[in-house]
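Okay, structure first, notes after.
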4 protein chains.
Amino acid sequence: MTSDTAHRGNRHGRSEQARRAVLEAADDLLAEKGFAGVTIEGIAARAGVAKQTIYRWWPSKVDVLLEAFTEDMAEHLTPPDTGDLAADLRTHLANLAEFLTASDPGAVFRALTGQAQHDPALATRLRDEHLSHQRARDRLPLERAIARGDLPDLDVDEAVDHLVGPVHYRVLVTGTEVSRAFTDNLVAAFLKQHER
Amino acid sequence: MTSDTAHRGNRHGRSEQARRAVLEAADDLLAEKGFAGVTIEGIAARAGVAKQTIYRWWPSKVDVLLEAFTEDMAEHLTPPDTGDLAADLRTHLANLAEFLTASDPGAVFRALTGQAQHDPALATRLRDEHLSHQRARDRLPLERAIARGDLPDLDVDEAVDHLVGPVHYRVLVTGTEVSRAFTDNLVAAFLKQHER
Amino acid sequence: MTSDTAHRGNRHGRSEQARRAVLEAADDLLAEKGFAGVTIEGIAARAGVAKQTIYRWWPSKVDVLLEAFTEDMAEHLTPPDTGDLAADLRTHLANLAEFLTASDPGAVFRALTGQAQHDPALATRLRDEHLSHQRARDRLPLERAIARGDLPDLDVDEAVDHLVGPVHYRVLVTGTEVSRAFTDNLVAAFLKQHER
Amino acid sequence: MTSDTAHRGNRHGRSEQARRAVLEAADDLLAEKGFAGVTIEGIAARAGVAKQTIYRWWPSKVDVLLEAFTEDMAEHLTPPDTGDLAADLRTHLANLAEFLTASDPGAVFRALTGQAQHDPALATRLRDEHLSHQRARDRLPLERAIARGDLPDLDVDEAVDHLVGPVHYRVLVTGTEVSRAFTDNLVAAFLKQHER
DNA sequence: ATTTAATCGAGACGGTACGTCGAGTCTTGTC
DNA sequence: GACAAGACTCGACGTACCGTCTCGATTAAAT
């Protein structure tokens, strides 16, 4: 894995190899030992990297996790566009629930959101760099439905909160299972508010 | 309940004075310096107490915060009962928002909920010892309305999630302001599903 | 062992039972775990006695050991009086070597002497309460020989130092074995200085 | 031997500065507050060094003292060689007495010897790393005298014990003053055994 | 016969120091 | 100039004993 062409310093530019090793080590440690088990020293040891290399490129361990999270997120959680609002919302919320409860990047998200409760700077970065983009995607089905005339011209931001809020609440607060029935009912309740 | 001056614990003589000093010091430190600023050493120093005294009675700093939180919570967040479902829910959600965003015990709650993302044992204790009681209170307005016939016989648990979920989501995830308009709209949307 | 007539406090006078238990526990702990393994808490636990009971009667752990040592010493190391100086000295030094290297109270003596290097108050007590008496006994064979005219009127204190000094030196400093040959040679060398 | 400014240890860069600061702080603390006043925390604080730095290089406080002692000992207590056995022995024993009772490294030696009574591992190290060398020096005057024919071919080891034993005994056990008269008499008595 | 006071086991208390872990900074020599 | 290695200072961890302090129970002398 660590190839024989290992990069051990060079004149120009940063080692992509070290960067990847760090991100993977951080991800692995989070999965194996939880957030408290992720330490700079631990990452460095597992990645076969010097601590200084981590500090050179990331201000703190949450920044490492944030970057790892960004890599993993890539193409996640884009809602479908079938022209059927109810179906699209049901699919999207079910995907969201799956992401939050059962995926590796979902675990990172939960850890980062937890840490953000203690760390306002992280909270801001998390919102600016991730949530804002995700919320833009969350708005899409509603905006399309309004454009189609399938939905009145409601406050889309509040509507998104009404839809994704209960899912996050279950995941982050109550720990209750987020079943397909729950998300489907949530969509049904939402739509009922706006039907003729 | 707790006796006049000196508490008698196991055999004789746990110091109620030390116990209170610890809980208050922990609360103060959380308010002043945030979760990371709460350390056993810091609590001990501020409370004028030996570290061993803390370790004797609490397994970890989150247990101290949990107990401090319990003390502070006492009579919080019981929904009113005016017989008017809409008014009661509006008041209750507004109180919840106020609690979560602007009160000292609310700050403790956010910190503990954040920490619970890294600590399953804490998550369980938080749910068993606090959330379950709060949810029971959250259910009351709905149960009374159903009993009065003002609401159909819906799934009360899901309904509670739909109402308090978006508020928690804004507080814990997006950090958006939770205005009176937001909670009022939330109640209005909820009631619209069930109106005649 | 701890009888049913256990003494648990009375108006006048101290519990002999507790006193013995403490002294024995201290001795046992020294034998088992060395000087560092002797702690007030450890003695109390092993003796089935409250810490306060120890502090009531002994200022420190070395005082406990000192008292235990006194009890054990009782009739040790009194030189014989056969009228034959050489024989008496040989026997006495051999007994001294045996005491210092192979007996339980000898181990306590070594520990206390070691501790006395760090603790001038202990050093003083050890000298006043034990060494002075032992030295008086050490002088006896020489004083008797002088009275008999078997030895010139030398400085008895220095002579005692010349005789017992090398034995203590081997025990406390070099750790070399103190054989019968060594003590016999020591006596022979001493006598040779004064023969005529 | 030790390089100019910064010592390079394992790989590169053990701080010679930190090492010296630790040894000096330990020495100073022993002189000022006695053995019990020497603590790792105290050394660290006085040396302006982190506790971890001490633990990185020394297993315990006695190892620090042992190393400090080694540094200080360097050129101490080498007996003179004037060709006059009596004079050389008198000088050497007087120097020994002065070292043991009145010098700083002598105080360290007494403390370490005291501690060695509780700590067999320390006893062994003390003997192997120091006493053996000192005893080799102690033997020199006798060996030279034998070579010159000024002394019969006696057991040098026992003779050394007879000479230095009483001095150590007074210092470590009785606490009596070790005057020039005492050491001179000791030498005189020793020589009397072997005179024509 | 009852009071009363010294002593007991128990153990909580404020402290000091322990030895360990990880943080974040710095220096050194290699590529 | 980035890298691996690792020593450095610092702060907090959780533990062990220290010596002091109640507490309630026990018990024999003094009422």
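Order of the sequence lines fixes the chain letters, A, B, ..., with proteins taken first and strands second; residue numbering starts at 1 for each chain.
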Any heavy-atom pair between the side chains of Lys61(C) and Phe35(C) that's under 4.5 Å? yes
Quick one: side chain to side chain donor-acceptor pair (under 3.5 Å) pairs with a partner in residues 113-122 of chain C, sequence neighbours left out? none
Respond yes when some side-chain nitrogen or oxygen of Arg56(B) is under 4.0 Å from OP1 or OP2 of dC13(E), and no when none is. yes
Mark up nucleotides 20-26 of chain E, 5' to 3', with B wherever a protein heavy atom is under 4.0 angstrom from a base atom, S wherever such an atom reaches only the sugar-phosphate, and - elsewhere. BBSBBBB
If I take atom [atom1] in residue [X] and atom [atom2] in nucleotide [N], what distance separates them, rounded to the nearest angstrom?
{"X": "Ile43(D)", "N": "dT16(E)", "atom1": "CD1", "atom2": "P", "result": "18 Å"}
{"X": "Ile54(C)", "N": "dG11(E)", "atom1": "CD1", "atom2": "P", "result": "15 Å"}
{"X": "Glu16(C)", "N": "dT7(E)", "atom1": "CD", "atom2": "P", "result": "14 Å"}
{"X": "Lys33(D)", "N": "dA17(E)", "atom1": "NZ", "atom2": "C1'", "result": "12 Å"}
{"X": "Arg14(B)", "N": "dG14(E)", "atom1": "CZ", "atom2": "P", "result": "11 Å"}
{"X": "Gln17(C)", "N": "dT26(F)", "atom1": "CD", "atom2": "P", "result": "15 Å"}

Shortest non-hydrogen contact between [X] and [Y], atoms and distance:
{"X": "Ser15(B)", "Y": "Ala18(B)", "value": "OG-N, 2.9 Å"}
{"X": "Leu126(C)", "Y": "Ala116(C)", "value": "CD2-CB, 4.2 Å"}
{"X": "Pro105(C)", "Y": "Phe69(C)", "value": "O-CE1, 3.3 Å"}
{"X": "Leu112(C)", "Y": "Leu122(C)", "value": "O-CD2, 3.6 Å"}

Please give me every residue in residues 116-126 of chain B whose heavy atoms get under 4.0 Å of an atom in DNA chain E, ordered by residue number. none
Tabulate below the donor-acceptor pairs under 3.5 Å that side-chain atoms of residues 22-29 of chain D make, not counting sequence neighbours, or state none.
none

Atom pairs and distances, donor-acceptor, side-chain atoms in residues 47-55 of chain A, under 3.5 Å, two or more places apart:
{"from": "Lys51(A)", "atom 1": "NZ", "to": "Glu41(A)", "atom 2": "OE2", "distance (Å)": "2.8"}

Report which part of the nucleic acid Trp57(A) touches: base, sugar-phosphate, or nothing (heavy-atom distance under 4.0 Å, all strands). sugar-phosphate
Only counting residues at least two apart or in another chain, list the ones meeting side chain to side chain donor-acceptor pair (under 3.5 Å) with Arg46(B). Glu32(B)
Net bend of the helix from dA1(E)-dT31(F) to dC31(E)-dG1(F), end axes of five pairs each, nearest 10 degrees: 10°
For Arg19(A), check salt bridge (charged side-chain N to carboxylate O under 4.0 Å, His left out) against everything at least two apart and list the hits. Glu16(A), Glu67(A), Glu71(A)
Across all chains, not counting sequence neighbours, the side-chain contact (heavy atoms from CB on, under 4.5 Å) partners of Arg125(D) are Asp63(D), Leu66(D), Glu129(D)
Out of dT9(F), dG14(E), dC3(F), which nucleotide sits closest to the side chain of Thr53(D)? dT9(F)
